[in-house]
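Treat the numbers as computed from the prediction; the structure is a model and nothing was measured.
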Amino acid sequence: MRNAVVVALAVIGVGFSFSGAVGILRMPDLYTRIQCSSKTITMGALPVLVALVVAEGPLSTYGSRTLLVAVLLLSVNPLASHALARAAYKRGVPMWSGSVVDQGAERRLQDSDPGGE
Amino acid sequence: MTTIYGAICLAEIVVMVPLFVRLAKGPTVSDRIVALNTISTQAALAVLFFAAFAQRPIYLDPALWLCSFSYLGTIVWARFLERGLL
Amino acid sequence: MFWAIDYLCLAGVLASALAAVRIRNLNGSVMALSAMGTILSLLFIVLGAPDDAHSEVVVGAIALPTLYLIAIGKVRAHVTDDSEDLGEVGEGR
């Protein structure tokens, strides 16, 4: 029973990790690649770590370190992704030519045009 | 159970292959940094599962280092991009 | 299963080292160097040397690329994200 749960969680995690990696390879744009990277962490790494915790028990040597790794990943990785995306957007790294909305550019346009509603 | 751990470790290393392709041909530096972050995470997972596969708890510490400090390069590059100089 | 992990790590070290040599942009080459440190630490762990893996993670994968980034940023202040290797590598290959 425990083996079945571990294998199911591992298959889910590895599948999402692989789809995220293929997304990073195939996406046309920096920002969509950052989104795929975050998805790899959240949906790919966490089920695998939960599988190790379920298999070893949360208070064993492996389980406690695994929980620490999960907390570190969940806290540090969105920070790094956000900092990178914000810096790239401020620098003006080009978006994909098929993207439809750029709310920062629209807001800058409204600010520079005070007369128009 | 250790066979399952070894298979998961192998799968996490196989997942790195598209990321290496993106790291080699990414058009901007930021693309390479995104691929590098994901490679670090996958390497930390592979280290964890190899420690469980070999039944050696001493192998767990480099995974903690990789998880907690592999983002320094990203932070430095983001600061450099945003302000122009350090 | 052990030898498969071993050979995959060797292939990763080789690929990232080749990328670090072939990439024409300095910051991108630093990123490939950091990937090489990460995979080399994984190879050290697979070969059973956790102390070497520890120092390789701290020095080769984290401290050295960060110092390289800071040094490149301080020396060449106009390196931006769009001064990229499109022209040179496109002609070279």
Side-chain angles (χ1 to χ4, degrees), chain B residues 2-3 5-7 9-10 12-14 16-17 19-21 23-37 39-40 42-44 46-47 49-51 53-54 56-66 68-77 79-81 83-86, chain C residues 1-2 4-5 8-9 11-12 15-16 18-20 22-23 25-35 37-39 41-42 44-46 48 50-58 61-74 76-86 89:
Chain B
T2 54
T3 313
Y5 294 155
C9 176
L10 200 59
E12 298 289 349
I13 297 175
V14 169
M16 288 182 198
V17 174
L19 301 171
F20 271 118
V21 177
L23 182 76
K25 75 172 193 180
T28 66
V29 181
S30 304
D31 293 324
R32 293 190 172 115
I33 289 189
V34 171
L36 179 66
N37 272 336
I39 281 177
S40 301
Q42 300 298 323
V47 168
F49 278 93
F50 188 79
F53 170 59
R56 294 275 190 89
I58 192 74
Y59 291 172
L60 289 170
D61 293 338
L64 285 176
W65 274 99
L66 270 178
S68 50
F69 286 106
S70 70
Y71 300 98
L72 275 179
T74 308
I75 300 298
V76 167
W77 175 251
R79 184 185 163 93
F80 178 66
L81 261 187
R83 307 193 178 178
L85 58 131
L86 291 168
Chain C
M1 190 166 294
F2 180 82
I5 299 173
L8 272 175
C9 290
S16 51
L18 272 178
R22 286 299 297 272
I23 291 172
N25 189 9
L26 274 181
N27 297 90
S29 181
V30 168
M31 289 308 128
L33 184 69
S34 176
T38 307
I39 307 301
S41 73
L42 184 55
F44 277 150
I45 284 184
V46 170
D51 45 354
D52 283 342
H54 218 120
S55 60
E56 182 66 32
V57 164
V58 175
I62 297 165
L64 190 67
T66 308
L67 286 179
Y68 269 137
L69 277 182
I70 292 174
I72 292 169
K74 278 196 182 303
R76 297 167 54 192
H78 59 280
V79 176
T80 60
D81 207 353
D82 47 11
S83 74
E84 190 52 45
D85 51 0
L86 294 174
V89 172

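Every side chain to side chain donor-acceptor pair (under 3.5 Å) that B:Asp31 has, sequence neighbours left out, goes to A:Arg33, B:Thr28. Scanning for ring pair (Phe, Tyr, Trp, His ring centres under 6.0 Å) contacts around B:Tyr59 gives an empty result, with sequence neighbours left out.
For a residue to count as touching a neighbouring chain, one of its non-hydrogen atoms must lie under 4.5 Å from one of that chain's; by this rule C:Ile39 touches chain B with the side chain only. At a 4.5 Å heavy-atom cutoff, the contact between B:Phe69 and chain C is made by backbone and side-chain atoms alike. Contact annotation for C:Val30: neither backbone nor side-chain heavy atoms come within less than 4.5 Å of a heavy atom of chain B. If you measure heavy-atom distances from B:Thr74 to chain C, you find no contacts under 4.5 Å at all.
Using a 4.5 Å cut-off on side-chain heavy atoms (C-beta onward), C:Cys9 and B:Ile13 make contact. A heavy-atom distance below 4.5 Å is not found between the side chains of C:Leu42 and B:Glu12. Using a 4.5 Å cut-off on side-chain heavy atoms (C-beta onward), C:Ile5 and B:Phe50 make contact.
Considering all non-hydrogen atoms of both residues, C:Val57 and B:Pro62 come closest at CG2-CB, 4.1 Å. Looking at every heavy atom in both residues, B:Ile58 comes nearest to C:Pro50 through CG2-CG, 4.1 Å. For the residue pair C:Ser34 and B:Leu36, the shortest heavy atom distance occurs at OG-CD2, 3.6 Å. Closest non-hydrogen pair, B:Gly73 versus C:Thr66, comes out as N-OG1, 3.9 Å. Annotation for C:Thr38 and B:Ala43: closest pair CG2-CB, 3.5 Å, computed over non-hydrogen atoms.
From C:His54, atom NE2 reaches atom CG of B:Asp61 across 5.5 Å, with rounding to the nearest 0.5 Å. Summarising the geometry, atom CD1 belonging to B:Ile75 is positioned 12.0 Å from atom CG belonging to C:Leu69; distances are rounded to the nearest 0.5 Å. Note that the CG atom of B:Leu81 and the CG atom of C:Asn27 stand 9.0 Å from one another [nearest 0.5 Å]. Separation of atoms CG (C:Leu8) and SG (B:Cys9) is listed at 9.5 Å; rounding is to 0.5 Å.
With a 6.0 Å radius and a threshold of 12 heavy atoms from other residues, nucleotides or ligands, B:Phe20 has its CZ atom above the threshold.
Between chain C and the options B:Val14, B:Leu66, B:Ile39, the largest number of non-hydrogen pairs under 4.5 Å is found for B:Leu66.
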